[in-house]
Amino acid sequence: MCGIIGFIGKNVKENLVQGLEKLEYRGYDSSGMVILHNHNFFVEKAIGSVEKLKEKVKDIEFDGIGIAHTRWATHGKITIENCHPHFSSDNNIAIVHNGIIENFEELKLKLEKSGKYFYGQTDSEVIAKLLSKRLTINKIKRLIGKIEGSYAIALISKNNNEIYFAKNKSPLYVAQGIDCSLIASDPCCFVSKCDKFYTIEDGEYGKISLNGLEVYNRNGEMIEKQAQQLNFFFKDTNKEKYSHYMIKEINESKNVLVNLIKRYQEKDIIKKLKGINIKKFNRIYLIGCGTAYHAGLVGEKYLKERFKIDVFTRKASEFFYQNDVLDEKSLCIFISQSGETADTISAMEETKKYKTLNVAIVNTEYSTLASKCDLVFPICAGQEKAVASTKAYFGQCLVLYIMASFLNGENFIEHLMSFKKDFDFGNDNKIMQLADLLINKNYIFFIGRGFDYITALEASLKLKEITYIFSYSECSGELKHGTLALINQGIPVIVIANDEKCFNKTLNNAYEVKSRGGELVLISSIDIDNEIENNFEYYIKIKDCESDLKPLQTIVVLQKLAYYTAIKKGLNPDKPRNLAKSVTVE
Ligand code: M6R
């Protein structure tokens, strides 16, 4: 993961800090920057969020060239030594790197034998130690001939006025403004500095200065890059009246619904939907990680309900090991908010040799995943900044609903309009009271059947991710096959029960928990009488809606439950420990 930024121009420090703040979603274990000033390197590093670095460099005012990095640790502890930038042994060259150098141990051994000293444990330091003196295009070419793995690298030297770069499997973009040049892991860093940018592709390398951009392909040939427009997606967003991005983004779910209703009536999208000839396929795979995988499970149900086709949802990181049948009759749907998740991209690359039709459901339309799939369907959620995915999950499920309904000839617009009309975000006070019951618990269980089990999985992920409470989700009917052994006095079990057809069965499973001392919480759209309610410590009524959309109506309430529990525990839900928003390593 990690985010890199390079800037040439006025107020270099401010621009680097601003860029790092925008890139913090890629990791916030530590950050650092180097600025070339009077042929010397000014270097600052800090453990923790970019805020810490900002404080350390507050009095610095330089124009010129600099590169900076925000880290999500993969190799080596979170220490100042391991914090980027890293430096060549002669201290003439500085580098920042996003990715993993897979052959770093072998290279490091060789370099150590030749007398090079390593101050840290990162794979990235090897890149710096392979270089010395000044940078040239040929040196970059030779460098990428030696390193294996994923990388977006920005490099500066004391003797050059350019930022050099190289890219393989980690995102990298460059841009030129009127009086500045930039390089970054995400074009969002270019907002208000320029209106066009260039995407650097795998195997490409080059340099950028105030005078222009030079890019070379794998064969060492200089190439002309096509500029892309920086569109509204990159518009800077802030927390507005909210104290955290997470709660703001949960509350934006309804906007996502509105955006999708509008966007999915437009000609280009209808044409793409028509481009999926569902009758042609024998099997459909839905592939994603984490929350996106859960959206896949929801989509699996939408598709299976409507078509007599085998549908399988796969965790992208496990896709290689399934030995699934893949051929031209397979439709692969890759789901991702960022479109940069390494496992999802690798799974997609793997399918290419089988000539599957590859569809991307993404929030980030300029992403690697989007650029490599045959058809791209946007989630239209706008930037999602909190690490915990909320409105993007909502959008992913909705796009899958639209896709399944459209392919089945249903009037999805009518259904979504009525969903929108009655949509309910839940009563925050009631949700906060439930959070009060949970904050001091060490274990929390979620159970449900069918769609409700998928909602249990997602609610449990959200809760553990930002509250650090151990949370486990289980199918209601499976409890007695093992998990029930974990239930004793005071263990909370959140029962999600929206389905009339199996409501009584789920209730019975809940009572099995209660008999063993478990504390029951009911989350349900079904009207219950007092007798039933008395069995539960707490009950939240979910607004009723059509059954396919109940997972969405329910998840917003459970996302808020995770949010308020984190707040009450004094945790920052936007930046949970050990995690990053965009997971660009396998
Ligand atoms: O960008 P993606 O949707 O591909 O990310 C996939 C997961 O890393 C992501 O959904 C993760 O599980 C979230 N942090 C969960 O809230």
Side-chain angles (χ1 to χ4, degrees), residues 1 3 24-28 72 170-171 185-186 188 233 244-247 249-250 253 256 286-299 313-319 333-348 359-370 372-373 376-400 454-455 457-468 471 473 555-556 558-563 565-566 571-586:
M1 273 103 84
E24 253 192 316
Y25 74 87
R26 307 179 66 86
Y28 36 80
W72 185 82
S170 297
S185 303
D186 189 323
C188 69
F233 182 85
H244 297 94
Y245 281 107
M246 184 176 173
I247 191 68
E249 289 163 2
I250 295 172
S253 296
V256 180
L286 295 138
I287 302 146
C289 298
T291 288
Y293 165 74
H294 295 156
L297 292 172
V298 173
T313 310
R314 299 285 186 240
K315 290 180 175 133
S317 58
E318 286 291 306
F319 191 63
I333 304 177
F334 297 92
I335 308 163
S336 174
Q337 188 284 128
S338 61
E340 297 297 347
T341 302
D343 289 317
T344 311
I345 293 171
S346 292
M348 184 268 300
V359 164
I361 296 182
V362 286
N363 197 27
T364 320
E365 287 179 70
Y366 61 88
S367 60
T368 306
L369 188 67
K372 293 187 173 178
C373 280
V376 180
F377 293 94
I379 296 162
C380 303
Q383 277 185 53
E384 192 182 61
K385 292 196 171 176
V387 166
S389 186
T390 54
K391 62 175 178 173
Y393 176 70
F394 197 86
Q396 287 158 352
C397 295
L398 277 176
V399 170
L400 286 158
I454 305 170
T455 305
L457 286 169
E458 177 55 12
S460 166
L461 174 64
K462 219 84 312 172
L463 190 84
K464 72 181 85 151
E465 183 177 21
I466 60 167
T467 68
Y468 317 147
S471 160
S473 42
I555 198 63
V556 285
L558 294 168
Q559 287 167 347
K560 282 188 177 180
L561 177 64
Y563 173 77
T565 311
L571 301 167
N572 177 357
D574 286 347
K575 288 183 188 166
R577 70 183 180 207
N578 304 340
L579 301 180
K581 177 96 189 131
S582 185
V583 186
T584 58
V585 293
E586 284 181 50

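Just so you know, these numbers use all the heavy atoms, side chains as well, and skip hydrogens, waters and symmetry mates. Note that the coordinates shown come from a computational prediction; the quantities given were computed from them, not determined experimentally. Whatever order the structure lists them in is the order used to number ligands and atoms, beginning at 1.
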- request: Around atom 5 (O) of ligand 1, find the nearest protein heavy atom and jot down its residue, atom name and distance.
  value: T341 OG1, 3.4 Å
- prompt: Which atoms form the tightest heavy-atom contact between G296 and I335, and what is the distance?
  reply: CA-CD1, 3.5 Å
- prompt: Do E384 side-chain atoms and K391 backbone N/O form a donor-acceptor pair below 3.5 Å?
  reply: yes
- prompt: Is there side-chain contact between D186 and Y366, with heavy atoms separated by less than 4.5 Å?
  reply: yes
message: Quick check on contacts: which atoms of ligand 1 are under 4.0 angstrom from a heavy atom of S389?
response: 15 (C), 16 (O)
query: Any donor and acceptor pair, going by atom type alone, linking the side chain of E249 with main-chain N or O of A386 inside 3.5 Å?
result: yes
query: Which residue owns the protein heavy atom closest to atom 13 (C) of ligand 1, what's the atom, and how far is it?
result: E465 OE2, 3.5 Å
- request: Counting heavy atoms only, name the option from A580, G288, C289 that's nearest to atom 6 (C) of ligand 1.
  value: C289
message: What's the separation between atom CD in Q337 and atom OH in Y25, rounded to the nearest 0.5 Å?
response: 8.5 Å
- prompt: Do T291 and K462 have a side chain donor and acceptor closer than 3.5 Å?
  reply: yes
Numbering as shown, the atoms of ligand 1 that approach S338 to under 4.0 Å (heavy-atom distance): 1 (O), 2 (P), 4 (O)
- prompt: Short N/O distance, under 3.5 Å, between V387 and ligand 1?
  reply: yes
task: Give the numbers and elements of all ligand 1 atoms closer than 4.0 Å to a heavy atom of A388.
output: 16 (O)
query: Should you measure from each heavy atom of G290, which atoms of ligand 1 turn up under 4.0 Å away?
result: 12 (O)
query: What do you reckon, does T344 have a nitrogen or oxygen under 3.5 Å from a nitrogen or oxygen of ligand 1?
result: no
message: Minimum distance, heavy atoms only, to atom 12 (O) of ligand 1: which one of T291, T364, I361, V362 is it?
response: T291
task: Any atoms of ligand 1 less than 4.0 Å from a non-hydrogen atom of K462? List them with their elements.
output: 15 (C), 16 (O)
task: Tell me which protein heavy atom sits closest to atom 3 (O) of ligand 1, plus the residue, atom name and distance to 0.1 Å.
output: Q337 N, 2.6 Å
D574 side chain vs H244 backbone, donor-acceptor pair below 3.5 Å: no
- request: For the pair D343 (side chain) and A316 (backbone), establish whether a donor and an acceptor sit closer than 3.5 Å, ignoring hydrogens and angles.
  value: no
field: P576 backbone acceptor or donor facing Y28 side chain under 3.5 Å
entry: yes
Atom 8 (O) of ligand 1: nearest protein contact (heavy atom, Å): V583 CG2, 3.9 Å
